[in-house]
Amino acid sequence: MNVSVVKNNFIIDALKYLPIKILPAASGLLTIFVLTKYLSTDNYINYTFLITTLLLINQLCGGWVNSSMMYFIPKSENVSEENKLINHVFIIELIFSIVGFLILFATIYYEFNDINISLIICFIFLLQISINFINSYLQSKRLIKAQVVSTTLQSMIQIFALLIVYYYYENDLFLYLVFFSISFIVSLASLFFNKNISFDVKLAKYNKTLIVNILSFGMPLCIWFFSTQAYSVGDRILLKYFDVSYGVVNYVAFRDLATGLSGFISMPLLFASHPIIMNLVLKENTKIGAAGVIVKNINILLLTFLPCILIVYFYGQKIFLLFLGSKYILSPFQMVIVLLTILIGCISVYLQKGLEVSSKTKHMMISAIVVTITSISLNIIFIPLYGVSVSIIIGLFAQVLYSFLIVIKSNKILKIDAKKIYLPQFICFLILSFLIKFLLLDNELLITIASTFVLFFVLIICFNKLKLTFKNK
């Protein structure tokens, strides 16, 4: 396939993936909005603890196995070989899911001493594991329509359930989790009955070499997945452990809101580009083409995040207070730190692609472990002293450290042309914005005029740069 055609396919696929993110993002944003109003502060903190624990165990038991499947499917030479791979992945994931179920149940029951909450969370875990397994297959085959249908049904039920909970019930966390599980049941059912899912899962004679290959690629990713989630959202567990409540809801609500909104751009790009990058390297044998897709995606992220960061920095408090309420408000500096943390996290996924395509996932694992130990240690030391404020800064530091550690090795394998990335311009506009507030601290009118001018200028530049980025072959 022509390289320029393959590179442009990711834009088409990214647009196809938009429905997969629009409704889930809308559902996620509505969830944050409703639960911050509908649940008490203690129950919302409990909710974030449950979801964070569920996410960590899910990634530990299933995420890395699915990544192995997505890596090896493009290398399969025929349908028989592909089915053999899928069956082995299924068996491995089944074994780890049983272990994960037991760990998750023990953790939740120990924390809440509530059998109903523990069982419903474990049930959701099994549903998510199953859905993620099938979606990983669909993504590797670029079968987007089935994912759109499944995700649409899931999100619509979640939105409907949230509205029922919001208007007719109050502070009932278990009821929301029941509705949450129903949405996953319907989503999974739609995948089971989809004609495009042609693989046949059955317990066949195992192939030792294939299992070793899956584990060799995936086991480092298992630890990597867990570690990256630990330093990304693990501070929530530590905040609960240290019984810190002041500012936690504001921080968690804003971060979840920002993460949900950023997903409109970051996730369709990632879903669309990952199989294309893998194909360019593994089948087309063109690292230059793959590096071009990576640079394009990084620039799209920088150009879309920059105006959003400036809007939040200059006007964020007023906007959130007007439309969403005080539970979302952080200081302008803290909101920018959170947004930068999310941005760098999105970019780091591309910086490590050289390690992924070369199956050198051990370095990803080691880097993530180093960052996790550093992050947890800093949080344990400083959270009791400074609370949420310091955990926000540590979160940014952790993402920067991880990106630095992986890019050193990854860039030797898949060379990314840093000169083509718009990072210097991005940094310059950030510094200019900080200077405006610092120098005009006591003059609200001048700050408004200067910030409006800068924002208008940035929007024009970003729009033109985005057009060039999408036009470039």
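Residues that satisfy the side chain to side chain donor-acceptor pair (under 3.5 Å) test with Gln128, not counting sequence neighbours, are Asn58. With sequence neighbours excluded, no residue satisfies side chain to side chain donor-acceptor pair (under 3.5 Å) with Ser118. With sequence neighbours left out, Glu93 forms a salt bridge (charged side-chain N to carboxylate O under 4.0 Å, His left out) with no residue at all. With sequence neighbours left out, the side chain to side chain donor-acceptor pair (under 3.5 Å) criterion links Ser187 to Ser150, Gln154. Judged as a side chain to side chain donor-acceptor pair (under 3.5 Å), and not counting sequence neighbours, the contacts of Ser451 are Tyr315.
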Working note: Ile393 + Phe397, criterion side-chain contact (heavy atoms from CB on, under 4.5 Å); need CA distance, chi angles, decisive distance, verdict.
CA-CA 6 Å; Ile393 296 172; Phe397 171 76; 5.6 Å; no
Chi angles and distances behind the side-chain contact (heavy atoms from CB on, under 4.5 Å) call for Ile342, Phe305:
CA-CA 10 Å; Ile342 295 170; Phe305 265 81; 4.1 Å; yes
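In this structure, Ile108 and Phe105 have side chains that are not in contact, with every pair of non-hydrogen atoms separated by 4.5 Å or more.
Ring pair Phe180/Phe184 is perpendicular by interplanar angle, where above 60° counts as perpendicular and below 30° as parallel. Ring orientation note: the planes of Tyr402 and Trp224 are tilted relative to one another, at an angle of 30° to 60°.
Within the 3.5 Å criterion, the main-chain N or O of Leu351 finds no donor-acceptor partner in the side chain of Ser348.
In the displayed structure, Phe160 atom CZ is contacted under 6.0 Å by at most 12 heavy atoms of other residues, nucleotides or ligands.
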Donor-acceptor pairs under 3.5 angstrom involving side-chain atoms of residues 369-376: please list them, not counting sequence neighbours.
unit_1 : atom_1 : unit_2 : atom_2 : d
Thr372 : OG1    : Ser227 : O      : 2.9
Thr372 : OG1    : Ala368 : O      : 2.8
Thr374 : OG1    : Val370 : O      : 2.7

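Checking each of Val458, Val336, Thr304 against Ile309 for a side-chain contact (heavy atoms from CB on, under 4.5 Å) leaves exactly one that passes, namely Val336.
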